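First the structure, in the form of structure tokens, and then the observations on it.
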Amino acid sequence: MSIVNKKLETWVKELSDWTKPDAVHFCDGSQAEYDSLISRMLESGTLHRLNQDQFPGCYLHRSDPGDVARVEHCTFICSQKKEDAGPTNNWMSPDDARAKVWPLFKDAMKGRTMYVVPYLMGPEASPFSKVGVEITDSPYVAANMRIMTRMGKVALDRLGDSDDFVRGTHSLGDLSPERRFILHFPETREIWSVGSGYGGNALLGKKCHALRIASVQARDEGWLAEHMLILAITTPAGEKYHICAAFPSACGKTNLAMLIPPASMPGYKVETVGDDISWLNFGDDGRLYAINPENGFFGVVPGTSSKTNPNALASTKKNSIFTNVAETPDHLPWWEGHDDPAPATLTDWKGGEWHPGADHPAAHPNSRFTAPIANCPSASKDVESAKGVPIDAIVFGGRRAKLAPLVYESFSWQHGTFVGATMASETTAAATGAVGVVRRDPMAMLPFCGYNMGDYWNHWLSIGDKPGAKLPKVFHVNWFKRGADGKFIWPGFGDNLRVLDWMIRRVKGEDAAQETPIGYVPKRGSIAENGLNVSAEKWDELLKVAAADWREELSGIDEFFAKFGDKLPAGIREERDALAKRLG
Ligand code: O2Y
Ligand code: MN
């Protein structure tokens, strides 16, 4: 493919001179190119063909066993000033970062092909979409980028001869964890990733560009880049509402984005616009409109079944890449939580023989599917909308066994920003071994905010100050309250629609809430109960606001806020003091 962008050509030349690939391939994003990438990977053993009768166009990749997840301790924000990275990010000065990591790229692509991957984050026709170019020596990354983004010609056409693109440099290096770095240079809109070929570390369009770099662009340009799903709900009356929701990783974002209404709530329709990232811009009418910058899902596989998420399951049935799942003798993908029981013999995620009862899972707990959004039965046609969808409600959530009620509504945008800033989740045994440890994760952006979180909250507050802004209501949910027996009280999954339905009725102005110190909580009986088996005592527990517990929470919040010193915005401090006063 011939490239007309001189800045891009110069950069590619500089990188190929340094990394010394055997060949340079400019990706056009065509099907023929994807097919040839797949063929090369099948030949080299990087991919394995799955059962093409049942999973046409689907393949299995086994990553290096030491390279199976995002690595936050190797992830740095390389801003000129340390305070611009803030207390929640690792920081390295750009000079130190370049001195330390540039040598790791020297000759790193010898014996490999360099792929130049131009990509567009966001719909082709959207003025809010942004161009990036990832240079990588991994064909697996190039193939995944084609599923996750609009890749190739479409991005180059948008770029024209402009210099306005995010530059991502990626090399597998030697895959050594000691020489693994994921660096972000927010001032120059650059990303450098070396030493990992996995997911969020290597598919640079996703977390690195669409969140860490984009959050800085959003601050500078007056919009929001958020770790939020986007869904549409059509009510039985035919009215359509849109919701963005932010939950920490492993709190069910993909499941909520693909929710199937329960049989006892006929006439509702839920459509998926995005499952992970949302870019929100103001429309001419003062409302916030969301686009999903991605074009695919990089979803966690274990636990996905026809009970938990039939839409996710259906999304993986064709033209998808599975990473680190197990494989049956019939070349079907298998994982813990699959509909079918494990067969007597499997090949596990590392390629070894596995039998039920083994001392380790067959699929890696962070095994993933990369699937096009277009495969998803609940995908909305608005995935391609140029202006995005108008947002009626923003939802924050966390996993709290006792503290937070099932749902509450904030008093204002400023209070909603405080609610997002104080989001937290309790760890589960599966995640860390330490159960119930509270982890603060403001707006679910802790690992993804490309600048000082104090400045980020200030930016949220400034969105609320925009003249003529007609802002969405802000809610908080907790699907994970546990009863005295230790069991979850709320059924979750499709029944979460009952809570979304309550939010919609609040957006419409229904008198369905009562004021508490933390916000508006549903009046008893105001959440649709038909067909639901929740006792009166359980409703009490679900909607309870215990002032003593919240006073204790406030001391945890104070401890967290103290890290930000004078970067803590006055509006957030005001909300903290107002909450303390309401709690008495
Ligand atoms: O482990 C990874 O590299 C993937 S992490 C991820 C993938 C898809 C959506 N969200 C996340 C996340 O960690 O938030
Ligand atoms: Mn995510």
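Atoms within a ligand are numbered from 1 in the order they appear, just like the ligands themselves. Note that the coordinates shown come from a computational prediction; the quantities given were computed from them, not determined experimentally.
When each atom of ligand 1 is checked for a heavy atom of Gly200 under 4.0 Å away, the hits are 2 (C), 3 (O). Contact atoms of ligand 1 toward Gly199: 3 (O) (distance under 4.0 Å to a heavy atom of the residue). Close contacts of ligand 1 with His227, meaning ligand atoms under 4.0 Å from a residue heavy atom, involve 14 (O). Of all the atoms in ligand 1, the ones that sit under 4.0 Å from a non-hydrogen atom of Tyr198 are 1 (O), 2 (C), 3 (O). In the vicinity of Asn366, heavy-atom distances shorter than 4.0 Å reach the ligand 1 atoms 1 (O), 2 (C). Numbered from 1 in the order shown, with element, the atoms of ligand 1 that lie under 4.0 Å from a heavy atom of Ala69 read 1 (O). Close contacts of ligand 1 with Lys206, meaning ligand atoms under 4.0 Å from a residue heavy atom, involve 7 (C), 8 (C), 9 (C).
Taking the six-membered ring where tryptophan is involved, the planes of Phe560 and Phe564 are perpendicular, since the angle between them exceeds 60° and thus also 30°. Note: Phe181 and Phe76 have tilted aromatic rings, judged against thresholds of 30 and 60 degrees for the angle between ring planes.
The aromatic ring centres of Tyr119 and His209 sit less than 6.0 Å apart.
Checked for salt-bridge contact, Glu553 and Arg400 meet the test: a charged N lies under 4.0 Å from a carboxylate O. For Arg150 and Glu384, the salt-bridge test passes: some basic side-chain N is under 4.0 Å from an acidic carboxylate O. The pair Glu327-Arg62 counts as a salt bridge, with a side-chain nitrogen and a carboxylate oxygen less than 4.0 angstrom apart.
Under 4.0 angstrom from ligand 1, there are no non-hydrogen atoms of Val300.
Both the sub-6.0 Å distance and the 45° axial angle are satisfied by Arg482 relative to the ring of Phe488. Taking the ring axis of Phe247 as reference, the NZ or CZ atom of Lys253 does not stay both within 45° of it and closer than 6.0 Å to the ring centre.
In terms of protein heavy-atom proximity, atom 2 (C) of ligand 1 is closest to Arg70 CG, 3.5 Å. In terms of protein heavy-atom proximity, atom 9 (C) of ligand 1 is nearest to Asp276 OD2, 3.2 Å. In terms of protein heavy-atom proximity, atom 10 (N) of ligand 1 is nearest to Lys207 NZ, 3.0 Å.
None of the N, O or S atoms belonging to Ile277 lies under 2.8 Å away from the Mn ion (ligand 2).
Atom 6 (C) of ligand 1 has its nearest heavy-atom neighbour, among Met445, Glu72, Arg368, Lys253, in Arg368.
Within Asp276, OD1 is the N, O or S atom that lies nearest to the Mn ion (ligand 2).
For the pair Trp479 (side chain) and Trp490 (backbone), a donor-acceptor distance under 3.5 Å is absent.
At least one heavy atom of Phe448 sits less than 4.0 Å from an atom of ligand 1.
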With ring pair (Phe, Tyr, Trp, His ring centres under 6.0 Å) as the criterion, how do Phe561 and Trp457 come out once you've worked through the C-alpha distance, each side chain's angles and the decisive distance to 0.1 Å? CA-CA 12 Å; Phe561 280 173; Trp457 296 328; 5.5 Å; yes
